[in-house]
Amino acid sequence: MTLIFTIKRMTYNFNEIEAKWQKYWAKNQTFKAENNSVKPKFYVLDMFPYPSGAGLHVGHPLGYIASDIYARYKRHKGFNVLHPQGYDSFGLPAEQYAIQTGQHPAITTAENIKTYRRQLDQIGFSFDWSREVRTSDPSYYKWTQWIFIQLFNSWYNKDADKAEDISTLEKIFISEGNSNVNAVCDADIISFSAEDWNAFDSKKKQQILLQYRLTYLAETEVNWCPALGTVLANDEIVNGVSERGGHPVIRKKMTQWSMRISAYAERLLQGLDKIDWTDSLKESQRNWIGKSVGAAVSFKVLANNENESHAEHVEASHVIDVFTTRPDTIFGVSFMTLAPEHELVSKITTPAQKAEVEAYVLATAKRSERDRMADVKTITGAFTGAYAEHPLTKQPIPVWVGDYVLAGYGTGAVMSVPSGDQRDYDFAKHFNIPIPNIFEGVDISKEAYASKDNVVIANSDFLNGLNYKEATKKAIQELEKLGQGEGKTNYRLRDAVFSRQRYWGEPFPVYYVNGMPQMVDAKHLPIRLPEVEKYLPTETGEPPLGNATVWAWDSVNNKVVSNEFVTLSAVEGSHNGIYPLELNTMPGWAGSSWYFNRYMDPDNTEAFASKEALNYWKDVDLYIGGSEHATGHLLYSRFWQKFLFDKGLVPVDEYAKKLINQGMILGTSAYVDVISLEFIDNEGAYFSSNKFDTLISKRISDFYNKNCKKIQNYFNDESKKEAIIKSLTDEEKENFTYLIKCFDEFAEKFGCKEPSYGLPYRIRPVLLDISLIDEAKNEIRLEKMESALNFTKVDNVIKESDGTFKVKREVEKMSKSKYNVVNPDQICVDYGADSLRLYEMFLGPLEQYKPWNTAGITGVHGFLKKLWKLYVGENGLLVNDTEPSKDSLKTLHKTIKKVQEDIENFSFNTSVSTFMIAVNELTAQKCTSKEILEPLLVLLSPYAPHIAEELWSQLGHKASISTVPFPTFDERHLVESSKNYPISFNGKMRFTLELPMDFNAQQIEEAVMANEKTQEQLQGRTPKKVIIVPGKIVNIVG
RNA sequence: GCUCAAGUGGCGGAAUUGGUAGACGCGCCGGAUUCAAAAUCCGGUUCUUCGGAGUGCGGGUUCGAUUCCCGCCUUGAGUACCA
């Protein structure tokens, strides 16, 4: 027994060591953070994961390892560190799995969390698990619901520039109506006096208040995804299709809960200046908020009078409101353009133009959003026949309809200044509309002058001779005098849709009385998710919660009851205080918008966190997560934090002082090319041959890609066939004939001789399962292909010239569907968590995207073994009390300096190489001194905590290494007595020369010139100049 | 199109107050050990016509440029008729 134990101690048995210390940390609660401490606080946060069924791959822990190193480093530096972890556990995949299998999402989520926890634990993170949160836990979402109620009970007072309780607004309405209220609210608000207000019935009052609330119910145009059966937020749509699953998305009018984030647009923008986030991230938030400063201008529509070429009567009822960023160019307006969807289009179009305009509007409506986006070059439009009056010149201006104007932005109408805007310019050129030049000395014969720089306004009455800034100011002044315009700031940021037609999300604490939403009293929260039989929409198209038999609110007894009573009581004409509950659930970002505050006091049942805890921890000092959340989570959470701050519920209005985006770790996937038959028929439907696909060699696919046009012509133009064949070389002809043969076979099998549109055949890459590849040879195992991919023609595969069949490799995002994920579990078994941690850091800079290659891990693993050997030899511990050598002290102190600098700069990759250098040097020095080797372990412990703990305890320490003070750097050990000078000739280093450190420039020059190598380089020439930088370099110019 | 990153050996990457380009590791080559293999250890590894050349390309500033300036090219990310 003793012998075995001794042997075990002698070798680096990482599996045993890591299990031992992970158990130790858990048992001793080593990383539990206290809410009161004499130490300064430091809050290190990771973006919490969604626990997917696939478990962790090696890309997930990257950010966690970095934050863990930082957290551990801060503990060594004497801070009280809060480093929590939890789960963003509501979400679509669990629900879709539930739809397929009938398993309750709560069950699969719990299972997934178990897997995640096991995987996280085996990597040795210093999380304080006593503070774990789960967004799907009722004790957590109780407070998500509570915050929702606070938002409902608030409005945004622009004068105070903050959110206030809705009761203050009601008071104003009662005493003076809404004319003096400066609020962020719906656009179509009616104006009313105090008398009006007091005369309104209760429902009317509620409707009006709803238009002011920070979360409100409104019929809005939403992104509806039919395949997912739910609405999606703008940031959940990528390239016109859903982020999850890639399904098409259409615009649809629906009544939905929205969040009035637009109220915070300016503060969200300003707040960016006081937080230390990366520039690129701030930039994307700025773009998303999309602030533009300019003016709102009103153009009166002139009355239709077919008999007069210049209409003179102003029809007061129609006004075209526009927003412009260039009020200085207002005299350059030569036409106006309305979006085809603009409500005035049908009202102002003259009878003569009616047919043309209607046809145009219909044609644009037919085009999908994607078509319109893809085709921005074709200029289309129609003249309405109507004219508007220029507010300053009073001249009539033709009003056009054009689809380059978007209904969804600004007012859906623009004043067109062709000389100053390229789109207006192109439109004017296309329809022969005059292009008046309003810029001094600028040639606009070829293109518009869109710049704001070096502008001198001309042909513009009182604006002549002014620059952009002056003219803008003057123009706005004049418009304000006329009451036809004012300075205005526009934001692109839209209010966020907050309803989802899903099961697995937070239920709203909302029930409906006479169709008006009522909040459940906060003391009755949480409203728990009801049980449902199936997780799909109901037969009548209601969201999944409509399937629940118990889903109504008993407002007398304050509890959720069976919804039979609603129907029953409705029939009897008496509600008995029982009302239907909201059927939508909250979106994924609800729970993640405030979780960082919950970690401060996760078990509180009286508040989402206590005042004491919030005041102690305040904000996150370091937040690490992916950049994909730039315009979603990171914007919404800042919005909620600002709201909570306004309500005095949190002490700071920006919750994350510093934020770092870790780069993605990419996987390598394998592809083969296949020939595929596909076409689009007259109806626009898409067909693909699929199982007629044939595996094809690189040679053929290269040929195809090069000659794509020719092949297309061959199929589309009968007359060219012969000429095309003739133009090919013999080798090309062989490839070509093979391709044609394949295509023809497909066409025959598919029964499709003449596809109606586009290129009927294409080469497309197909992802390969790793099991289909002979990794060593990078070849396909052909025998497995046929059954796996359903190909019909594997036996006909054309091989490469050397008789093999190579696969193509592509580095891309790790994903189960691409068969390129690498699981950390096996790596921990084979090399240990410390090796994994070091290797992930060693791969490259934290923020960079980088490919994963498991083979490289042997480097850091070898380093750990070498390190172990420095401490433990075959006969036991090697460390003793001998005096350290000068060299060893130098090695230690330069390592302290570098590692400390690296951690503070988040340059973790370079510390790993610094450790390697240190161990290589100390091994060469045969260092055994405790004075060196003890502090070295402390330096290493944030990176490789298990081996550090183990060796630390073997050195005789009883307590964990985790709170030992970080070694202090002593410059004296780095002082050198001589310098190995690089000697350059014309800037090129030719040799080096060892000289005493205290030599002055003259002494250095003498020594260098006296050296025979210098004379050899000069070959008798006299140098023109000798540059000496003592302590750095010598450069001889000659 | 616009905005932001980034381009350095076979690969991941080092070097930013301008001062020895390629640290550290992988891979590869050679050697030691071994019956053999693995593991381990030692040496080599930017290219080269051995003069030199060389950090995406072309200029510039400088005694000296991966680093600073001007003009391009490429890749990645975000965003897009945003008025």
Side-chain angles (χ1 to χ4, degrees), chain A residues 235 238-239 278-288 290-292 294-295 297 322-326 329 336-337 339 372-379 402-406 408-417 420-424 426-427 450 490-492 627-628 630-631 661 663-664 666 811 838-839 842-845 847-863 865-866 869 907 909-920 980-993 1023-1029 1031-1038:
Chain A
D235 65 284
V238 179
N239 296 330
T278 59
D279 287 338
S280 66
L281 199 136
K282 287 186 185 180
E283 203 54 36
S284 21
Q285 291 214 344
R286 286 195 189 103
N287 286 339
W288 197 259
K291 180 180 183 176
S292 44
V297 188
V322 301
F323 174 76
T324 176
T325 54
R326 296 296 301 272
T329 64
M336 301 193 70
T337 317
R372 248 170 102 167
M373 268 163 66
D375 178 24
V376 297
K377 288 215 176 79
T378 317
I379 294 158
D403 72 351
Y404 81 95
V405 178
L406 302 178
Y409 183 77
T411 61
V414 298
M415 57 175 230
S416 303
V417 184
D421 183 288
Q422 194 58 43
R423 290 157 303 170
D424 296 343
D426 295 339
F427 194 87
N490 215 27
Y491 298 91
R492 194 171 73 94
S627 57
E628 66 273 21
T631 51
N661 293 128
M664 209 176 280
L666 306 167
V811 172
L838 282 174
Y839 188 51
F842 188 59
L843 277 180
E847 297 175 77
Q848 204 165 297
Y849 279 52
K850 47 209 172 260
W852 179 266
N853 174 18
T854 306
I857 202 169
T858 53
V860 291
H861 187 65
F863 154 74
K865 285 202 262 190
K866 239 187 212 171
K869 279 194 196 161
S907 174
N909 55 325
T910 48
S911 326
V912 179
S913 64
T914 304
F915 286 130
M916 288 172 169
I917 294 166
V919 166
N920 287 344
N980 196 21
Y981 277 95
I983 313 298
S984 309
F985 293 81
N986 299 320
K988 281 274 167 200
M989 204 280 287
R990 294 304 175 208
F991 62 92
T992 60
L993 189 60
K1024 279 188 201 135
K1025 207 173 176 184
V1026 180
I1027 310 284
I1028 313 249
V1029 185
K1032 290 245 165 136
I1033 54 105
V1034 175
N1035 189 18
I1036 297 165
V1037 188

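Note on naming: letters A, B, ... go to the chains in the order of the sequence lines (proteins, then strands), and numbering restarts at 1 for each one. Nothing here was measured: the structure is a model prediction, and the numbers come from that model.
Between the P atoms of B:A21 and B:G64, the separation comes to 14 Å (whole Å). Remark: the separation of the P atoms in B:C68 and B:U55 is 15 Å, to the nearest Å. B:G18 sits 24 Å from B:A23 when the P atoms are compared, rounded to a whole Å. One P atom belongs to B:A39, the other to B:U48, and the distance between them is 30 Å to the nearest Å. Atom name P, nucleotides B:C2 and B:C81: the rounded distance is 15 Å, in whole Å. Using P as the reference atom, B:G12 and B:G56 are 14 Å apart when rounded to the nearest Å. The gap from the C1' atom of B:C26 to that of B:U17 amounts to 33 Å, rounded to the nearest Å. Only the P atoms considered, B:G7 is 14 Å distant from B:U66, to the nearest whole Å.
Where A:Gly859 and A:Lys866 each meet RNA chain B at their nearest nucleotide, the meeting point lying more 5' is that of A:Gly859. With RNA chain B read from its 5' end, the first of the two nearest nucleotides for A:Val1034 and A:Val414 is the one closest to A:Val1034.
The CZ atom of A:Arg286 sits 17 Å away from the P atom of B:U79 (whole-angstrom rounding). To the nearest angstrom, C1' of B:A5 lies 13 Å from CG of A:Leu281. Following rounding to the nearest Å, A:Ile1027 (CD1) and B:C63 (P) show an atom-to-atom distance of 7 Å. Whole-Å rounding puts the A:Lys1025 NZ to B:U62 P distance at 10 Å. Taking atom CG on A:Asn986 and atom C1' on B:U62, their separation rounds to 13 Å, with Å as the unit. A straight line from CZ of A:Arg492 to P of B:C82 spans 10 Å, rounded to a whole angstrom. The distance from atom CE of A:Met916 to atom C1' of B:G25 is 5 Å, rounded to the nearest whole Å. When the P atom of B:A83 is taken as reference, atom OH of A:Tyr409 falls 5 Å away, rounded to whole Å.
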**Message:** How would you summarise protein contacts on nucleotides 49-56 of chain B per nucleotide, using B for base, S for sugar-phosphate only and - for none, with heavy-atom distances below 4.0 Å?
**Reply:** ----SB--
**Complete:** Protein-proximity profile, nucleotides 12-18 of chain B, B/S/- by nucleotide at the 4.0 Å heavy-atom cutoff, equals BSS--B-
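Counting non-hydrogen atoms of neighbouring residues, nucleotides and ligands closer than 6.0 angstrom, the CG atom of A:Asn980 exceeds 12 such neighbours.
Judged purely by distance below 3.5 Å, without hydrogens or angles, the side chains of A:Thr914 and A:Ser911 never pair a donor atom with an acceptor atom.
Here the side chain of A:Lys865 is nearest to one of B:U40, B:G19, B:A83, namely B:U40.
Applying the ring pair (Phe, Tyr, Trp, His ring centres under 6.0 Å) test to A:Phe427 and every residue at least two apart in sequence or in another chain returns A:Phe335, A:Trp400, A:Tyr404, A:Phe431. Under the side-chain contact (heavy atoms from CB on, under 4.5 Å) criterion, A:Arg286 pairs with A:Leu269, A:Leu272, A:Asp273, A:Lys282, A:Glu283, sequence neighbours left out. Partners of A:Thr858 under the side-chain hydrogen bond (donor to acceptor under 3.5 Å, both in side chains) rule, at least two apart in sequence or in another chain, do not exist in this structure.
Across all strands shown, A:Thr324 has heavy atoms under 4.0 Å from sugar-phosphate atoms exclusively, and none from any base. Across all strands shown, A:Asn490 has no heavy atoms under 4.0 Å from either base or sugar-phosphate atoms. Nucleic acid contact class of A:Asp421 (heavy atoms, under 4.0 Å, all strands): none. Using a 4.0 Å heavy-atom distance criterion, A:Thr858 is classed as a sugar-phosphate-only contact.
Syn is the conformation of B:G51, whose glycosidic angle sits no further than 90° from 0. For B:G18, the base is anti relative to its sugar; the glycosidic angle deviates from 0 by more than 90°.
By the 4.5 Å heavy-atom criterion applied to side chains, A:Val322 and A:Met336 are counted as neighbours.
Separating the OG1 atom in A:Thr278 from the CD atom in A:Glu847 is a distance of 6.5 Å, to the nearest 0.5 Å.
In summary, of the residues considered (A:Val1037, A:Val1034, A:Asn1035, A:Ile1036), a side chain to side chain contact (heavy atoms under 4.5 Å, CB included) with A:Phe985 occurs for A:Ile1036 alone.
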**Dot-bracket line, read 5' to 3' along RNA chain B, where crossing pairs take [ ] and | marks a partner on another strand, Watson-Crick or G-U under 3.5 Å** = (((((((..(((......[....)))((((((.......))))))((....))..(((((..]....))))))))))))....
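When ring centroids are compared, A:Tyr839 and A:Trp852 come within the 6.0 Å threshold.
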